[in-house]
Amino acid sequence: MTQESWLFAWIGAADHQAAEADDRERPGPIASALLAHERFDRVLLLTNYGFERSKPYCDWLEVLTGYADVDLYEIDLSSPINYAEIYEKVSAELKLVRLPRPEVVPTFHLSPGTPAMIAVWILLAKTRFPARLIQTSAQRGLERVDFNFDLASDFLPEYLKRSEDRIERLAGEQLGAPEFARIIHRSPAMRKQLDRAKRIAAFDVPVLVLGETGTGKELFAQAIHAASKRASHPFIPVNCGAIPRELANSELFGHKRGAFTGADRDREGHFKAAEGGTLFLDEIGDLPSDTQVRLLRTLQEREVTPVGASKPMEVNVRIIAATHRDLQVDVAVGRFREDLFHRLAVGIIHLPALRERDGDVELLIDHFLDQLNSGAGFEPEVQHKKLSPEARRFLLVHPWPGNIRELYHALVRSVIWSDGDTITGEEVREALLQMTPRCQGVLDRPLHKGFDLQTLLDEVSRHYLERAMQQASNRKKLAAELLGFPHYQTLTNWLRRFDLEGADDKG
């Protein structure tokens, strides 16, 4: 008896986005599997995005891969994370195509879809509908996946309803969410934030992403949106710091014609443009106070009132906000509303600085250099560069105050300025921007080759000695008391050590 190989997969956000952008370099999980696999006899795709959006994807897939007559099944789900509903409806579709049967070997593709969809594929493959499991990733290509467990099919619906956390852990350890594949990392600090982001993506709540400039806050926001149930709707990024203060309300909430000088037509605003999707408010700490009030009301009431309008309009938008500032400090000093902060900070992601991501710098160096060597807009003679050992050492010990963005552009400059096919240490050194050091706390200085602890301790000592003498108006006895010294002679010894003995002793 001849056996046939059938592929089953959910169409995910990354698949749709690849087709809609005609991105053949990154064609999405399904196309990657079809291009890498020997040949499937039949391809059956499930979609909860609707037939109108997914049918053009299937047409694009057929042209790209050479597969004819890809089968599309529209699955109406109340939620893409409802485990029991997904189990029941997928089981029904598999029965309609008369599985299981001995002449068909099914393969379930795990990479597209939500964690709930992934978990259901695993459970069905191990119970009622024995199947192979595969996944695809940019780093490792197509690979087989296996889980050694069995579960009685009679108890699956009840098990799904009461054991969602265990199922997610089972699937999540090996699979992850494909929407986060662009976030290159291996450090535990970054992995922890990725795990949190994957979880929060499934919950339709506001998210606050914190981190220094250049740490990848917008990349995280895009991934959270792509992994959420809003993925088929717009993702609208807005840099709040770039909006003139007097236009902030109009930009975000819209305005009516004649609302102010220059308002010669109605404007819908970013909230309405993001309807059904996600509004990413970068540098939210820069919003003026009156705009903060309007934003708070929008989050509370799910409605916006355009400038110059008298009636509010309903909006259905998820907010992901980001800032490099310490919003809690801004709240304490009155620069940011405390009630708005708590409305936004339902899901909080703290992105570590690159200097805190142990092992990630080298990984990112190789990733970016591969990107640059594969094209990136350069002429062929500028491509195929490699780093000398000295150049790599320079990059590894640099503290990267500009984080990932600085690292990428330093590599771009190194590639452009390098004369040969090997980038030298001197060329990297010249490509690094010598920025004025930012004021940093004693406990958060970057550790790197050449770090001098004694110099740092001497800097701290000199600072407080000078402050104490200034605050005490050069009276050593009082300054000694301020510093906790038992006798002013102890202070004198410290002043001599740091060449600060010129101060007059006024008793």
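We number each residue from 1, following the sequence as shown.
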Inset, instruction - Please work out whether the ring planes of W60 and Y57 are parallel, tilted or perpendicular, with thresholds of 30° and 60°. - result: tilted
Legend entry - Side chain to side chain, V70 and Y67, heavy atoms closer than 4.5 Å: yes
Inset, instruction - Applying side-chain contact (heavy atoms from CB on, under 4.5 Å) between F253 and each of E268, K272, R294, report the one that passes. - result: R294
Inset, instruction - Go through the structure and list residues passing side chain to side chain donor-acceptor pair (under 3.5 Å) with E275, not counting sequence neighbours. - result: none
Legend entry - R24, CZ: over 12 other non-hydrogen atoms inside 6.0 angstrom: yes
Inset, instruction - May I ask you to decide if H350's main-chain N or O and Q193's side chain share a donor-acceptor pair within less than 3.5 Å? - result: yes
Inset, instruction - For D204, enumerate each residue passing the salt bridge (Lys or Arg N to Asp or Glu O under 4.0 Å) test, keeping only those at least two apart in sequence or located in another chain. - result: R230
Inset, instruction - Please say which of I349, T215, I348 ends up in a side-chain contact (heavy atoms from CB on, under 4.5 Å) with L210. - result: I348
Inset, instruction - State whether the side chain of D360 and the backbone N or O of R186 hold a donor-acceptor pair below 3.5 Å, judged by distance alone. - result: yes
Inset, instruction - Measure up the F220 and F180 rings against each other and bin them: parallel (under 30°), tilted (30 to 60°), perpendicular (over 60°). - result: perpendicular
Legend entry - Any residue meeting side-chain contact (heavy atoms from CB on, under 4.5 Å) with F203, in chain and number order, not counting sequence neighbours: V205
Inset, instruction - Determine, step by step, whether R357 and N403 satisfy the side chain to side chain contact (heavy atoms under 4.5 Å, CB included) criterion, reporting the C-alpha distance in whole Å, the side-chain angles of both residues, the deciding distance to 0.1 Å, and the verdict. - result: CA-CA 10 Å; R357 294 170 53 177; N403 292 291; over 6 Å; no
Legend entry - For D286, salt bridge (Lys or Arg N to Asp or Glu O under 4.0 Å) partners two or more places apart: R325
Legend entry - Contacts of F129 that satisfy ring-ring contact (aromatic ring centres under 6.0 Å, His included) - sequence neighbours left out: none
Inset, instruction - Let me see the working for V460 and H463 under side chain to side chain contact (heavy atoms under 4.5 Å, CB included), right down to the final yes or no. - result: CA-CA 5 Å; V460 172; H463 169 80; 5.7 Å; no
Inset, instruction - Please report the C-alpha distance between I86 and W10 in whole Å, then the side-chain angles of each, then the deciding distance to 0.1 Å, and finally whether the side chain to side chain contact (heavy atoms under 4.5 Å, CB included) criterion is met. - result: CA-CA 11 Å; I86 294 169; W10 286 96; 4.1 Å; yes
Inset, instruction - State, to 0.1 Å, how close R26 and A18 come at their nearest heavy-atom pair, and which atoms those are. - result: O-CB, 3.4 Å
Legend entry - Whether H109 side chain and P29 backbone form a donor-acceptor pair below 3.5 Å: yes
Legend entry - Contact check, side chains of D366 and R392, non-hydrogen atoms, under 4.5 Å: yes
Inset, instruction - Mind checking the CG-NZ spacing from N373 to K386? Nearest 0.5 Å is all I need. - result: 11.0 Å
Legend entry - Residues E283 and H324: side-chain donor-acceptor under 3.5 angstrom: yes
Inset, instruction - For the residue pair Y73 and L45, establish whether any side-chain heavy-atom pair is separated by less than 4.5 Å. - result: no
Legend entry - Close side-chain approach of S32 to P27, heavy-atom, < 4.5 Å: yes
Inset, instruction - Report the distance from atom CG of D370 to atom CD1 of I365, rounding to the nearest 0.5 Å. - result: 12.0 Å
Inset, instruction - Look at E430 together with R413 and state whether they make a salt bridge at an N to O cut-off of under 4.0 Å. - result: no
Legend entry - ring pair (Phe, Tyr, Trp, His ring centres under 6.0 Å) assessment of H16 paired with Y49: CA-CA 10 Å; H16 278 130; Y49 287 92; 4.6 Å; yes
Legend entry - Residues in side-chain contact (heavy atoms from CB on, under 4.5 Å) contact with A201, at least two apart in sequence or another chain: I224, A227
Legend entry - Those residues that, when tested against R144, pass side-chain contact (heavy atoms from CB on, under 4.5 Å) (two or more places apart): R132
Legend entry - Test item: D76 and N48 side chains (from C-beta on) under 4.5 Å apart, heavy atoms: no
Inset, instruction - Measure from the side-chain N and O atoms of D326 to the backbone N and O of Q328, and report whether any donor-acceptor pair falls under 3.5 Å. - result: yes
Legend entry - Taking every non-hydrogen atom, the tightest pair across S54 and I11: CB-CD1, 3.9 Å
Legend entry - Smallest separation among heavy atoms of K217 and G211, with atom names: NZ-O, 3.1 Å
Legend entry - Partner residues of E85 under the salt bridge (Lys or Arg N to Asp or Glu O under 4.0 Å) criterion, sequence neighbours left out: K89
Inset, instruction - Nearest 0.5 Å please: distance from the CZ atom of F271 over to the OG1 atom of T298. - result: 5.0 Å
Legend entry - Closest approach of H185 to I183 (non-hydrogen atoms, all atoms of both residues): ND1-O, 3.1 Å
Inset, instruction - Taking all non-hydrogen atoms of both residues into account, name the closest pair between R355 and P399 and its distance. - result: CB-O, 3.7 Å
Inset, instruction - List in chain and number order the residues that pass salt bridge (Lys or Arg N to Asp or Glu O under 4.0 Å) with E303, two or more places apart in sequence or in another chain; answer none if no residue qualifies. - result: R297
Inset, instruction - Quick one: list whatever passes side-chain contact (heavy atoms from CB on, under 4.5 Å) with S418, sequence neighbours left out. - result: K385, I423, E427
Inset, instruction - Starting at NZ of K229, measure out to CG of N82 and round the result to the nearest 0.5 Å. - result: 11.0 Å
Inset, instruction - For the pair F235 and F280, name the ring-plane relationship: parallel under 30°, tilted 30 to 60°, perpendicular over 60°. - result: parallel
Inset, instruction - Compare all side-chain heavy atoms of V207 with those of R318 and state whether any distance is below 4.5 angstrom. - result: yes
Legend entry - Heavy-atom closest pair, residues D15 and I30: OD1-N, 3.1 Å
Legend entry - Within-4.5 Å side-chain heavy-atom neighbours: E143 and I134: no
Inset, instruction - Taking the side chain as every heavy atom from C-beta outward, state whether L354 and V361 have any pair of such atoms under 4.5 Å apart. - result: yes
Inset, instruction - Please round to the nearest 0.5 Å and tell me the distance separating atom CD1 of I416 and atom CG of L411. - result: 11.0 Å
Legend entry - Pairwise distance CG(L387) to CZ(F394) - rounded to 0.5 angstrom: 12.5 Å
Inset, instruction - Could you please spell out the steps behind the side chain to side chain donor-acceptor pair (under 3.5 Å) verdict for D358 and S187? - result: CA-CA 5 Å; D358 186 33; S187 66; over 6 Å; no
Inset, instruction - Could you go through the side chain to side chain contact (heavy atoms under 4.5 Å, CB included) check for V145 and I122 one step at a time? - result: CA-CA 10 Å; V145 179; I122 295 169; over 6 Å; no
Identify every side-chain donor-acceptor pair in residues 334-341 under 3.5 Å, counting partners at least two apart or on other chains, and give the distances.
unit_1: R335; atom_1: NE; unit_2: D330; atom_2: OD1; d: 3.1
unit_1: R335; atom_1: NH2; unit_2: D330; atom_2: OD1; d: 2.7
unit_1: R337; atom_1: NE; unit_2: D339; atom_2: OD1; d: 3.0
unit_1: R337; atom_1: NH2; unit_2: D339; atom_2: OD2; d: 2.8

Inset, instruction - Using the test side chain to side chain donor-acceptor pair (under 3.5 Å), find all partners of R196 that sit at least two apart in sequence or belong to another chain. - result: none
